[in-house]
Amino acid sequence: MSNDLAGVWEVALSDGVHRIEFEHGTTTGKRVIYVDGKEVLRRDWMFKLVGKETFSVGSSDTKATINIDAVSGFAYEYTLEINGKSLKKYMENRSKVTSTWLLNLDGIDCRVVLEKDTMDVWCNGQKIETAGEFVDDGTETHFTLGDHNCCVKAVSSGKRRDGIIHTLLVDGTEIAECTE
């Protein structure tokens with residue numbers, strides 16, 4: 001990495017938290033994008049110093065765009081968009097469509113993500129095989145992590161505004177949801 005580092009962002013997706021780094025050489029016109037330390041885009045000798053660079057992030061190839069705007073003189077502002085939304089808006093929306101739990105199983109840190117629209121479950125970047133069933137008060141999505149029986153229970157909150165409440169149980173013990 002050179003000293004042209006202009007922006008660093010952390011983006012939480014279902015397959016994990018990804019680090020995006022952007023180098024912008026304002027004298028050379030160079031643009032370099034790294035995702036998780038791996039170079040994904042390089043442009044040298046760009047005469048136009050403002051503009052956009054689009055690339056993909058994560059195993060689901062989520063679309064990301066870095067916007068380069070001139071603020072004043074030779075000062076620039078860099079903003080990251082994910083799926084066409086500002087990072088802030090994307091993360092706000094993401095908290096509505098996913099639930100995330102962080103736990104330690106057998107000495108291994110696990111990040112479990114539920115995609116509420118598809119009921120897909122991810123653990124540490126891997127999509128997990130699940131079995132869903134209807135129960136008296138809602139649904140249960142069963143899966144295993146190592147030797148542990150896990151279940152995501154989905155029950156109605158009884159309040160339209162709160163919607164459905166998702167709870168992770170590991171070996172019968174409830175795990176607190178985290179906010180990313």
Side-chain angles (χ1 to χ4, degrees), residues 1-130 143 145-146 168 175-180:
M1 295 257 177
S2 71
N3 58 357
D4 292 331
L5 192 63
V8 177
W9 300 271
E10 301 270 325
V11 180
L13 301 177
S14 294
D15 67 346
V17 178
H18 299 280
R19 181 181 174 89
I20 297 170
E21 296 169 283
F22 179 60
E23 290 182 7
H24 188 216
T26 54
T27 52
T28 63
K30 176 183 77 172
R31 298 178 187 177
V32 185
I33 298 172
Y34 298 91
V35 177
D36 300 326
K38 183 173 165 253
E39 185 178 304
V40 296
L41 185 138
R42 174 179 289 270
R43 298 195 200 288
D44 291 311
W45 303 108
M46 298 281 295
F47 294 106
K48 190 174 177 195
L49 293 175
V50 296
K52 298 177 180 220
E53 292 296 348
T54 300
F55 56 101
S56 51
V57 179
S59 61
S60 58
D61 287 333
T62 302
K63 183 179 157 207
T65 302
I66 295 175
N67 296 305
I68 308 155
D69 297 301
V71 182
S72 64
F74 288 102
Y76 297 90
E77 179 180 80
Y78 308 95
T79 53
L80 179 68
E81 292 178 357
I82 304 292
N83 283 341
K85 295 184 179 93
S86 72
L87 182 59
K88 184 176 188 280
K89 276 265 185 257
Y90 175 80
M91 295 314 285
E92 285 170 3
N93 183 56
R94 185 163 169 73
S95 68
K96 294 175 191 159
V97 298
T98 63
S99 290
T100 303
W101 297 272
L102 299 175
L103 59 146
N104 189 298
L105 288 177
D106 305 323
I108 299 168
D109 288 330
C110 297
R111 180 178 179 272
V112 177
V113 178
L114 169 71
E115 293 180 350
K116 296 176 187 176
D117 55 349
T118 60
M119 293 305 283
D120 286 341
V121 176
W122 295 73
C123 180
N124 294 348
Q126 301 295 314
K127 196 165 156 186
I128 303 292
E129 190 74 33
T130 62
F143 57 99
L145 294 176
L168 175 64
I175 307 296
E177 187 175 346
C178 78
T179 54
E180 294 185 304

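Take E53 and apply the salt bridge (charged side-chain N to carboxylate O under 4.0 Å, His left out) test, not counting sequence neighbours, and it matches R31, R43. By the side-chain contact (heavy atoms from CB on, under 4.5 Å) test, A176 pairs with no residue at all, sequence neighbours left out. Every residue meeting the salt bridge (charged side-chain N to carboxylate O under 4.0 Å, His left out) condition with K127, not counting sequence neighbours, appears here in chain and number order: D120. Looking at residues two or more places apart in sequence or on another chain, you find a side-chain hydrogen bond (donor to acceptor under 3.5 Å, both in side chains) between T54 and T65. Under the rule for a side-chain contact (heavy atoms from CB on, under 4.5 Å), S95 has no partner lying at least two apart in sequence or in another chain. For N104, the side-chain hydrogen bond (donor to acceptor under 3.5 Å, both in side chains) partners two or more places apart in sequence, or in a different chain, are D109. Taking the side-chain hydrogen bond (donor to acceptor under 3.5 Å, both in side chains) definition, one finds that D117 meets it with nothing, sequence neighbours left out. In this view, K52 satisfies the salt bridge (charged side-chain N to carboxylate O under 4.0 Å, His left out) rule with no residue, not counting sequence neighbours. Remark: D44 engages K30, R42 in a side-chain contact (heavy atoms from CB on, under 4.5 Å) (not counting sequence neighbours).
The salt bridge (charged side-chain N to carboxylate O under 4.0 Å, His left out) pairs that include a residue from residues 71-88 are K88-E92, where partners are two or more places apart or lie in different chains. Sorted by first then second residue, the ring-ring contact (aromatic ring centres under 6.0 Å, His included) pairs that include residues 76-101, not counting sequence neighbours, are F22-Y78, H24-Y76, H24-Y78.
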Would you tabulate the side-chain donor-acceptor contacts of residues 12-19 under 3.5 Å, counting partners in other chains and residues two or more places apart, or write 'none'?
from : atom 1 : to   : atom 2 : distance (Å)
S14  : OG     : R94  : NH2    : 3.3
S14  : OG     : E115 : OE2    : 2.5
D15  : OD1    : H18  : NE2    : 2.8
D15  : OD2    : S59  : N      : 2.5
D15  : OD2    : S59  : OG     : 2.9
H18  : ND1    : D36  : OD2    : 2.7
R19  : NH1    : E10  : OE2    : 3.2

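With a 4.5 Å cut-off on side-chain heavy atoms, I128 and L145 count as touching.
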